[in-house]
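The structure appears right after this line, and notes come after that.
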There are 2 protein chains.
Amino acid sequence: MTRAMAETRRTVQKDAVRRALDDAAGFVSAQRLHDLLTGGGEPVGLATVYRQLGALAEAGQVDTIALAGERLYRACTSGEHHHHLVCENCGKAEDIALPSEDWIRAIAAEHGYTVAAHVLEVYGLCPACAALSS
Amino acid sequence: MTRAMAETRRTVQKDAVRRALDDAAGFVSAQRLHDLLTGGGEPVGLATVYRQLGALAEAGQVDTIALAGERLYRACTSGEHHHHLVCENCGKAEDIALPSEDWIRAIAAEHGYTVAAHVLEVYGLCPACAALSS
DNA sequence: ATGCGTGCAAACGATTTGCAGAGAA
DNA sequence: TTCTCTGCAAATCGTTTGCACGCAT
């Protein structure tokens, strides 16, 4: 008899993608990740990168931000809820936590809404880039 | 002699796009806007919709949010800064204002960042949809 | 009359998917 | 062996662009 269960197998590619994602400090596009892997002697198919990224995102193990035309991914070591402070110039990103998110629920409640999720992205210049444009 | 100046002509399509955008309560994709226009007896080319949307966005007359795979636009009547409370079920959206956004700057400052802009979208269920799923 | 704006369709870039073969369990 | 995962390439999807014509000025 057969067991009906969706299993997830461990493969070289999976680890490679995961590792490359960890190595990349900030957010990277699927394509760029693919380049890094290929260039780094880890021949992983582009489709596989997309599939892994998609899986990881769904599993909540990576953060995703949608930029015009493409999606960027970033390793999310902890499953904790947090937001991002992204440098518009160099793309570097910092994780930031909100002091309190109660006001979100409060405002939503005023409108009769039930909050399911929220997205917050803060864009600006990191210290280094701010210094350059001085 | 000729005058060298980029002029902007008033056309039926421009007005149509602008109007359709105003009528749409929440965020709409370029494609959907095109459908609305076409369906509403305003035969506007899809390319034109994109061009207008792009122009309006650049002129700061519309808000834009990048969602996975597509961009959504929304009329920005006033140049005022505000955020959105979007119903995940029916797509309706409410404008919401933050009680204070100082904490954003404060947190950014802790990381040495200069804040240029920020995006906040809250997703949930509007009163009507919440009632249905009770 | 002049030249910007439009429409159509081809071009594009990012992401997804079908299918046959490779490898994990 | 069995069945998931990978690779490749073709297929999608949203968006952009080249070109010839119409219309606003």
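Here is the naming used below: chain letters follow the sequence lines, and residue numbers restart at 1 for every chain.
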Which whole-number value in Å describes the distance from A/L46 CG to D/dG7 C1'? 10 Å
Mind checking the CG-OH spacing from A/L56 to A/Y73? Nearest 0.5 Å is all I need. 10.0 Å
Let me know the distance between CZ of A/R51 and P of D/dC8, rounded to the nearest Å. 11 Å
Report yes if the side chains of A/Y50 and A/Q31 come closer than 4.5 Å at any heavy-atom pair, otherwise no. yes
Once you apply a heavy-atom cut-off of 4.0 Å, does A/V44 come out as touching a base, just sugar-phosphate, or nothing? sugar-phosphate
Which whole-number value in Å describes the distance from A/E42 CD to D/dG7 P? 11 Å
Between B/Q52 (CD) and D/dT16 (C1'), how many Å, whole number? 15 Å
Which is more 5' along DNA chain D, the nucleotide nearest B/S29 or the one nearest B/V12? Just name the residue. B/S29
Counting side-chain heavy atoms from CB outward, which of C/dG23, C/dT15, C/dT17 is closest to A/R9? C/dG23
Using the side-chain heavy atoms of A/T8, tell me which of these nucleotides is nearest: D/dC5, D/dT16, C/dG18. D/dC5
Roughly how far, to the nearest 0.5 Å, is the CG atom of B/D23 from the CG atom of B/L36? 9.0 Å
Tell me: CZ of B/R10 to P of D/dG22, nearest whole Å? 23 Å
To the nearest Å, how far apart are B/E70 CD and C/dT15 C1'? 13 Å
Would B/W103 end up clustered with A/V122 when hydrophobic side chains under 4.5 Å apart are linked, directly or stepwise? yes
Choosing from C/dG5, D/dT6, C/dG7, which nucleotide comes nearest the side chain of B/K14? C/dG5
Would you kindly give the NE2-to-P distance between A/H34 and D/dA9, to the nearest whole Å? 12 Å
When the nearest nucleotide of DNA chain C is assigned to A/Q31 and to A/T11 on a heavy-atom basis, which residue is associated with the more 5' position? A/Q31
With a cut-off of less than 4.0 Å, is there a side-chain N or O of A/Y50 near OP1 or OP2 of C/dT15? yes
From the candidates C/dT16, D/dT17, C/dT6, the one with an atom nearest any side-chain atom of B/Q13 is C/dT6
Protein-nucleotide distance (A/L72, atom CG; C/dG13, atom P), rounded to Å: 18 Å
Check the phosphate of D/dT16 against B/R71, side-chain N and O only, distance under 4.0 Å to OP1 or OP2. Yes or no? yes
Which one of A/R18, A/K14, A/R19 satisfies the salt bridge (charged side-chain N to carboxylate O under 4.0 Å, His left out) criterion with A/E42? A/R19
